[in-house]
Amino acid sequence: TEKEIRQWHKGFLKDCPNGLLTEEDGSIEFEEFIRALSVTSKGNLDEKLQWAFRLYDVDNDGYITREEMYNIVDAIYQMVGQQPQAEDENTPQKRVDKIFDQMDKNHDGKLTLEEFREGSKADPRIVQALSLGGG
């Protein structure tokens with residue numbers, strides 16, 4: 001809704017005064033940010049998975065490596081302020097290992113979109129684990 005977009009924009013500008021969400025290697029404009037958000041909240045499962053895949057595939061080579069996924073999962077943990085204990089099942093490292101165990105069918109240490117999609121459909125909890133919400 002327009003009201004939601006205004007709220008997001010306010011928060012966006014607070015975090016990104018120059019109107020761009022920047023990482024070392026690229027920037028996201030508000031419009032892209034909103035488009036991504038609407039996909040994660042309103043898209044169908046395939047759209048969500050494809051979006052998630054692109055999010056995790058940091059260098060856009062068509063594969064998600066363990067390293068790439070770990071970095072994102074770790075960032076999400078820090079964002080939501082969860083400080084995992086070492087013996088905790090839910091450390092980013094353990095979560096990534098578990099996801100790879102389930103999804104990486106040919107054990108080459110990287111996930112294709114196909115593996116990612118199949119794995120996510122086979123175990124919906126993974127999608128939740130990636131903090132994309134249910135649906």
Side-chain angles (χ1 to χ4, degrees):
T1 65
E2 190 180 340
K3 187 165 168 259
E4 285 175 318
I5 289 184
R6 282 185 201 282
Q7 287 296 112
W8 276 104
H9 196 238
K10 213 186 279 179
F12 186 86
L13 286 177
K14 203 178 83 184
D15 294 335
C16 325
N18 63 355
L20 289 175
L21 178 64
T22 49
E23 272 290 307
E24 296 81 87
D25 51 4
S27 59
I28 296 176
E29 289 163 17
F30 183 66
E31 194 186 334
E32 292 175 274
F33 177 70
I34 281 294
R35 213 177 289 138
L37 266 179
S38 74
V39 168
T40 53
S41 57
K42 300 198 175 58
N44 64 34
L45 186 61
D46 269 336
E47 286 172 325
K48 285 183 187 183
L49 292 178
Q50 195 151 7
W51 183 85
F53 185 85
R54 287 212 306 269
L55 174 76
Y56 284 87
D57 179 15
V58 180
D59 58 6
N60 295 316
D61 62 355
Y63 296 101
I64 301 173
T65 61
R66 229 172 246 263
E67 195 61 30
E68 285 174 327
M69 184 172 280
Y70 174 75
N71 288 338
I72 303 271
V73 172
D74 193 44
I76 290 173
Y77 268 85
Q78 288 174 12
M79 210 163 61
V80 295
Q82 268 181 297
Q83 288 309 317
Q85 271 63 63
E87 71 279 0
D88 187 7
E89 258 311 284
N90 283 339
T91 61
Q93 191 64 59
K94 283 186 180 159
R95 185 164 276 194
V96 171
D97 286 342
K98 198 165 156 199
I99 290 172
F100 265 81
D101 287 346
Q102 285 178 292
M103 288 195 186
D104 188 10
K105 296 281 182 254
N106 58 356
H107 304 294
D108 60 355
K110 50 192 186 187
L111 301 177
T112 62
L113 177 58
E114 199 49 44
E115 284 176 323
F116 182 75
R117 193 182 273 161
E118 292 305 305
S120 300
K121 285 181 175 169
D123 187 352
R125 281 172 318 186
I126 291 179
V127 185
Q128 286 161 354
L130 299 180
S131 77
L132 294 173

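Values reported hereafter were calculated over all heavy atoms of this structure, with side chains retained and with hydrogens, waters and symmetry mates removed. Here, residue 1 is the first one in the sequence, and each next residue gets the next number.
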| request: Identify the two heavy atoms, one from Pro92 and one from Tyr70, that lie closest to each other, and give their separation to 0.1 Å. | output: CB-CE1, 3.6 Å

| task | Output the distance between atom CD1 (Ile64) and atom CZ (Arg54), rounded to the nearest 0.5 Å. | result | 11.5 Å

| request: Can you measure from CZ (Phe116) to CG (Asp57) and round to the nearest 0.5 angstrom? | output: 10.5 Å

| Do the side chain of Asp104 and the main chain of Leu111 share a donor and acceptor less than 3.5 angstrom apart? | no

| query | Quick check: does any side chain N or O of Asp46 sit under 3.5 Å from a backbone N or O of Gln50, one acting as donor and the other as acceptor? | reply | no

| task | Can you measure from OG1 (Thr91) to NZ (Lys98) and round to the nearest 0.5 angstrom? | result | 11.0 Å

| query | Could you go step by step and tell me if Asp74 and Gln93 meet the side-chain contact (heavy atoms from CB on, under 4.5 Å) rule? | reply | CA-CA 8 Å; Asp74 193 44; Gln93 191 64 59; over 6 Å; no

| Straight-line distance of Tyr63 OH to Glu115 CD, nearest 0.5 Å | 9.0 Å

| query | Do side-chain atoms of Lys110 reach the backbone of His107 as a donor and acceptor pair under 3.5 angstrom? | reply | no

| Okay, side chain of Glu68, backbone of Asp59: is any donor-acceptor separation there less than 3.5 Å? | yes

| With a cut-off of 6.0 Å (strictly less than), are more than 12 heavy atoms of other residues, nucleotides or ligands near CD of Glu67? | no

| message | Once rounded to the nearest 0.5 Å, what's the spacing between atom CE of Met103 and atom CE of Met69? | response | 6.0 Å

| Straight-line distance of Tyr56 OH to Asn71 CG, nearest 0.5 Å | 11.0 Å

